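Each remark here refers to the structure printed beneath this line.
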Amino acid sequence: SGSSYRRWLILYRYGGIYLDLDSLSVRPITPPQFPYLNFGGLESNQWVGAGVLGVSSPHHWLPQACLHSLANNFDPSEWGSNGPKLLTRILSERCGLQVPHPATPLCDQYKVLDTQAFYPIPWWAHYRYMEPVQHESLSAKLLSDPNVRIIHVWQHLTKDTSIFLNGIHKKVLDEDNSQVLDRRMSTVLKELTRDEYVIYSGVYVRNTKILNQKMVLNDPQDTNLFFQPIAAIVKEVCSVTVSIIGEIL
């Protein structure tokens with residue numbers, strides 16, 4: 001795809017760090033807190049992900065090799081062929097990478113990190129970010145794990161899921177499964193008033209009474225409030241952004 005070309009072109013021209021837009025930074029990936037300048041990370045036991053990448057300088061050999069390969073073998077029809085699959089092949093040929101092991105014995109200046117660093121939840125389990133659970137569960141685990149640097153939320157799979165920044169009432173979860181809840185939310189968003197935060201399809205919307213008065217999200221004293229892990233993470237690592245958006249809305 002065009003985005004794959006742009007990724008490698010930008011890294012080749014400027015060097016530095018590339019992040020997919022659906023990435024949340026939990027811990028620094030720059031010195032001195034992060035010791036690597038040239039890095040990537042496994043996204044599964046088969047592929048090195050192309051959503052978080054670092055190269056130390058312009059005209060680095062890695063994006064150059066990827067661009068050369070794309071010029072001769074570009075395939076827009078197969079998912080990942082110009083991103084993770086391409087990157088994994090280049091690192092295997094050039095650096096001796098043998099997945100699922102992250103070691104690069106022939107490239108001591110390039111570090112491949114384990115899945116926990118940038119892709120702690122794999123794409124096939126993306127729903128775990130969106131399942132309403134008590135706040136102290138997955139979100140707390142990800143935020144407290146020192147090995148987690150970036151949280152990649154797989155936007156192409158999660159973009160149509162409603163995210164409630166102030167939680168979902170357990171009463172609603174008892175009555176409806178998450179799919180029913182999400183379908184119903186998509187039909188009532190336009191009817192909501194402006195007094196509470198909700199993210200829907202990547203857009204922040206300010207709202208209050210929801211779903212025919214069956215759901216109340218703005219009672220901080222209610223111990224039955226459940227959070228989607230991604231909502232708790234967003235509030236923790238993007239609190240300033242959420243506050244500013246609230247003021248704008």
Side-chain angles (χ1 to χ4, degrees), residues 1-123 126 147-159 202 237-238:
S1 66
S3 61
S4 294
Y5 259 117
R6 289 191 292 271
R7 176 195 352 252
W8 304 122
L9 281 170
I10 291 170
L11 283 172
Y12 178 71
R13 175 64 178 82
Y14 298 102
I17 294 173
Y18 169 89
L19 293 178
D20 277 354
L21 287 175
D22 54 349
S23 302
L24 291 169
S25 178
V26 177
R27 288 175 181 80
I29 54 172
T30 55
Q33 297 95 330
F34 187 71
Y36 310 110
L37 296 176
N38 301 291
F39 62 86
L42 294 173
E43 68 173 31
S44 69
N45 62 4
Q46 287 186 292
W47 312 115
V48 179
V52 183
L53 298 165
V55 295
S56 58
S57 62
H59 305 146
H60 189 274
W61 66 263
L62 179 59
Q64 183 181 45
C66 290
L67 287 169
H68 284 165
S69 179
L70 283 174
N72 297 310
N73 305 292
F74 182 71
D75 182 2
S77 64
E78 183 182 1
W79 181 88
S81 63
N82 308 309
K85 294 180 180 180
L86 168 64
L87 179 59
T88 304
R89 179 170 56 80
I90 296 294
L91 290 173
S92 298
E93 295 173 354
R94 182 78 173 258
C95 299
L97 175 73
Q98 295 184 14
V99 290
H101 306 292
T104 52
L106 304 181
C107 298
D108 59 358
Q109 296 299 313
Y110 192 87
K111 177 67 174 179
V112 176
L113 287 89
D114 205 353
T115 54
Q116 197 70 2
F118 306 140
Y119 311 94
I121 301 296
W123 66 266
H126 65 275
N147 295 312
V148 175
R149 296 278 174 172
I150 301 292
I151 293 175
H152 192 279
V153 299
W154 311 108
Q155 183 264 350
H156 66 292
L157 297 170
T158 59
K159 63 183 179 180
V237 303
C238 307

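Residues take their numbers from the sequence shown, with the count starting at 1. What you see is a predicted model; the values in this text were computed from it and never measured.
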| note | One should read off an interatomic distance between Leu157 CG and His126 NE2, to the nearest 0.5 angstrom, of 4.5 Å
| task | Look at the rings of Phe118 and Phe39 and say which category their plane angle falls in: under 30° parallel, 30 to 60° tilted, over 60° perpendicular. | result | tilted
| request: Drop me the distance from Leu37's CG to Ile17's CD1, to the nearest 0.5 angstrom. | output: 8.5 Å
| request: Grab the two heavy atoms, one from Arg149 and one from Gln33, that are nearest each other, plus how far apart they are. | output: NH2-O, 3.5 Å
| query | Do side-chain atoms of His101 reach the backbone of Ala103 as a donor and acceptor pair under 3.5 angstrom? | reply | no
| Just by modelled atom types, is the Ile150 backbone N or O under 3.5 Å from a matching donor or acceptor in the Ser25 side chain? | no
| Side chain of Tyr5, backbone of Leu70: donor and acceptor closer than 3.5 Å? | yes
| Hey, are Arg94 and Thr104 close enough side-chain-wise for a donor-acceptor pair under 3.5 Å? | no
| task | Provide the closest heavy-atom pair for Gly40 versus Leu53 in the form atom of the first, atom of the second, distance. | result | CA-CD2, 4.3 Å
| query | Any donor-acceptor pair under 3.5 Å linking the side chain of Asn38 with the backbone of Ser56? | reply | yes
| Nearest-0.5 Å distance, OG of residue Ser69 to CD of residue Gln64 | 12.5 Å
| field | Minimum-distance pair of heavy atoms, taken over all atoms of Val99 and Gln46 | value | CG2-O, 3.4 Å
| message | Can you give me the closest heavy-atom contact between Gly15 and Val55, atom names plus distance? | response | CA-CG2, 3.6 Å
| message | Does Trp47 form a side-chain contact (heavy atoms from CB on, under 4.5 Å) with Arg89? I'd like the steps, not just the answer. | response | CA-CA 9 Å; Trp47 312 115; Arg89 179 170 56 80; over 6 Å; no
| request: Show the numbers, then the answer: is there a ring pair (Phe, Tyr, Trp, His ring centres under 6.0 Å) between His59 and Tyr12? | output: CA-CA 5 Å; His59 305 146; Tyr12 178 71; 4.9 Å; yes
| task | List the atom of Gly96, the atom of Pro105, and the distance in Å for their closest heavy-atom pair. | result | O-CD, 3.6 Å
| request: In sequence, state the C-alpha distance, the side-chain angles, and the governing distance for Leu67 and Leu9, and then conclude on side-chain contact (heavy atoms from CB on, under 4.5 Å). | output: CA-CA 7 Å; Leu67 287 169; Leu9 281 170; 3.9 Å; yes
| From SG (Cys107) to CG (Leu91), nearest 0.5 Å | 7.0 Å
| query | Does a sphere of radius 6.0 Å around CD in Glu93 hold more than 12 heavy atoms from other residues, nucleotides or ligands, not counting ones at 6.0 Å or beyond? | reply | yes
| Under a 4.5 Å cut-off applied to non-hydrogen side-chain atoms, are Tyr119 and Val148 in contact? | no
| query | For Ser44, does its backbone N or O pair with a side-chain atom of Trp123 as donor and acceptor, under 3.5 Å? | reply | no
| message | For the backbone of Tyr18 and the side chain of Arg7, can you confirm whether one donor and one acceptor N or O come within less than 3.5 Å of each other? | response | no
| Does one side chain, of Asp108 or Tyr110, offer a donor that lies under 3.5 Å from an acceptor on the other? | no
| task | Could you tell me whether the side chain of Trp8 and the main chain of Leu62 form a donor-acceptor pair under 3.5 Å? | result | no
| field | pair Leu42-Leu113: side-chain heavy atoms closer than 4.5 Å | value | no
| query | Taking Thr88 for the side chain and Val48 for the main chain, is one N or O donor matched with an acceptor at less than 3.5 Å? | reply | yes
| query | Can any side-chain N or O of Ser23 pair as donor or acceptor with the backbone N or O of Leu19 at less than 3.5 Å? | reply | no
| Hey, are Lys159 and Asp22 close enough for a salt bridge, meaning a charged N less than 4.0 Å from a carboxylate O? | no
| When rounded to the nearest 0.5 angstrom, what is the spacing between CZ in Arg27 and CD1 in Ile151? | 8.5 Å
| task | Compare every heavy atom of Ala50 with every heavy atom of Pro84, then report the nearest pair and how far apart it is. | result | N-CB, 3.9 Å
| task | Mind checking the NE2-CD1 spacing from His68 to Ile90? Nearest 0.5 Å is all I need. | result | 10.5 Å
| field | Contact check, side chains of Lys111 and Pro35, non-hydrogen atoms, under 4.5 Å | value | no
